[in-house]
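Right, one structure below, let's go through it.
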Amino acid sequence: MQETTWNGEPLKNGDPPRGYLEAKGFWAWAYTLDHKRIGVMYLYTTLFFFLAGGVFALLIRIKLMFPGQHIFTNQTYNVLFTMHGALMIFLFVIPAIPSGLGNFFIPLQIGARDVAFPRINLMSYWVFVAGIVVILFSLVRPMDTGWTFYTPYSARTAADVTTLSFGIFLIGMSSILTGLNFLVTIHKLRAPGMTWHRMPLFIWSMYATSIIQVLATPVVGITFLLLAMERVLGVGFFDPAKGGDPILFQHFFWFYSHPVVYVMILPAMGIISEIVPAFSRKPIFGYKAIAYSSMAIAVFGFFVWGHHMFVTGMSGTAAILFSLLTYSVAIPTAIKVFNWIATMYRGSITFESPMLYALTFIFLFVIGGLTGMYLGALGADIHVHDTYFIVAHFHYTMVGGTVMGLLAGLHYWFPKMTGRMLSEKMGRPAWLLIFIGFNVTFFTQFILGFEGMPRRYAEYPAQYQALNILSTVGSWILATGILIMFANFVRGLFRGALAPPNPWKALSLEWETGSPPATENFEEIPTVTDWPYGYAGRQT
Amino acid sequence: MKEHDSGTRTYIVVWGALVMLTVVTVAVSYVHLGMMNVFVALLIASAKASLVALFFMHLRYENRLVWGFALAPLFFLVLIVVGTLSDTLFR
């Protein structure tokens, strides 16, 4: 690394231009209106909770190696799996891609200097932090309800449900502000010439995501308010003794929490739609089909919440209706998968880390999605409901899907965000360990579930022990891979080779500015004349 | 009501209408109509919300995109009510 110039500019003390990273110090970050800095702050925060939630998961797995009380009490176990779920869902999986990578790359990809409302953007981050602080306060009397807060237990337990749900209320508010900001940004700030059908597919998926964030999140906020009113004021919304209905809580909860799984997965699908053509050197196959299927998922996602409630005592009519509707979401999802595969067909595929994670996404998400079809079918669902089959299905979609999409995006955009390259020598073994570890951990849970092992319990019959030990060993392999990956990030930040503006020769606008980009993103706002997928590869 | 001409006068008329509707809501609550009480109260509340959105929030003078964003959530409101009723009515 002895360059004296970089992109034609002389290096200061041997360092490359730092772009938006130039200003240093706490206030330069805490008060920033720059969408890139806010995105980076979101990434650091969410990745911290990814690691924290991961530690909880490892503890849960260690406990589950042996049936019976040992290591820690069953109550501690209940708290651990509640915190694992709540932290991972609300502080990591939901915000990581939209608020982290979305904040950073939406303005860059549409050729804008910032989001539409930079101050609201900063406010959304600090509301998010306020939510985290409130959630930490709830640890005084830690929650043991599971991340779903089901009544009647959540209305009665001595654990601090009210504080935790208020924390999540704030997190939800932050999510709404971000979604609103992105909707306006995408409508109003696209560069000249960037028509709707010239937008990168990541933007389409973020648009669909934002719609869900804005429409669904208020419902969970109100639900938590009702729960708080029941706990604090004794109003009987969900208590049958006072004329309430505990299943009503689940209707409200899943009216948000089902669409929100698409808040988690849609941005990841957007990242895959960027990476697959770039690393296949081929135009994306079925651009409009992928774009519109994002919108279809966002809308259909609102129609299917009842499939979480087939065994709750919901009416048969509603169960049949929701089972039928659930299948409608499979169609746009399958459209995407087929189009990614068609894009790769006869492409010049290279296997750098971003592509490895993108392929892993497709492979694991198909397993997660297809097992979702088992669960959408009424009869099959009654057999496997509340077993480890659900746990495995959920982790195949959310870790195999969203987290792999996030890791693909982090590896893809790391050079753009930091100005430095990651090491492929560290990246590939990390990926391999993550891939193997994930499948050993969670595929065994499909089998456990099919054999009838119930989820959530700290105890289990001895017949399930062998597979549980296997699953725990898998979690260690997975954790090792994640640690190497993070070591690669840290190494890359300080010692990675300098990144050129466009290391992957990709065609969307973020690659036309420096790595890292200047604070104002572009010296001159670019004029767009074509879609971003005109790769020269063989047309089929 | 015509186009954007009226200004302050419109606001006062709309405010008067909102006060009137509030009085009607209170008055109707003293008349025993059974389940219809809830229905009438919701109807009046919806009318008031529409007035606020149309005039105080300027929806009346906005373009179709803004109308789309304003009306779309109503569809999802209907959805959560109908979906939940498909359970509770047939249980």
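So that the names make sense, note that chain A is the first sequence line, chain B the second, and so on, each numbered from 1. Computed from a predicted structure; not experimentally measured.
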Does any heavy atom of chain A fall under 4.5 Å from the side chain of B/L65, the backbone, both, or neither of them? side chain
Check whether any side-chain heavy atom of B/F69 lies under 4.5 Å from a side-chain heavy atom of A/L183, and answer yes or no. yes
Quick one: does B/D87's side chain get under 4.5 Å of A/S315's, heavy atoms only? yes
For atom CZ of B/F39, is the number of surrounding heavy atoms from other residues, nucleotides or ligands below 6.0 Å larger than 12? no
Tell me whether B/M36 at atom CE has more than 12 heavy atoms from other residues, nucleotides or ligands lying less than 6.0 Å away. no
Determine whether A/W305 and B/L79 make a side-chain contact, defined as any pair of heavy atoms from C-beta on separated by less than 4.5 Å. yes
Segment of A/I211 engaging chain B (4.5 angstrom heavy-atom cut-off): neither
Is there side-chain contact between A/F255 and B/T84, with at least one heavy-atom pair below 4.5 Å? no
I'd like to know whether A/F252 forms a side-chain contact (heavy atoms from CB on, under 4.5 Å) with B/I80, so could you lay out the CA-CA distance, the side-chain angles of the two residues, the decisive distance to 0.1 Å, and finally the verdict. CA-CA 8 Å; A/F252 287 172; B/I80 191 172; 4.0 Å; yes
Would you call A/H251 and B/T88 a side-chain contact if the rule is heavy atoms closer than 4.5 Å? no
Quick one: does A/M314's side chain get under 4.5 Å of B/F90's, heavy atoms only? no
Calculate, to the nearest 0.5 Å, the distance between atoms CZ and CZ belonging to B/F76 and A/F303 respectively. 6.5 Å
Correct closest heavy-atom pair for B/S86 and A/T317 would be O-CB, 4.2 Å
Counting only non-hydrogen atoms closer than 4.5 Å, does A/V214 touch chain B with its backbone (N, CA, C, O), its side chain (CB onward), both, or neither? neither
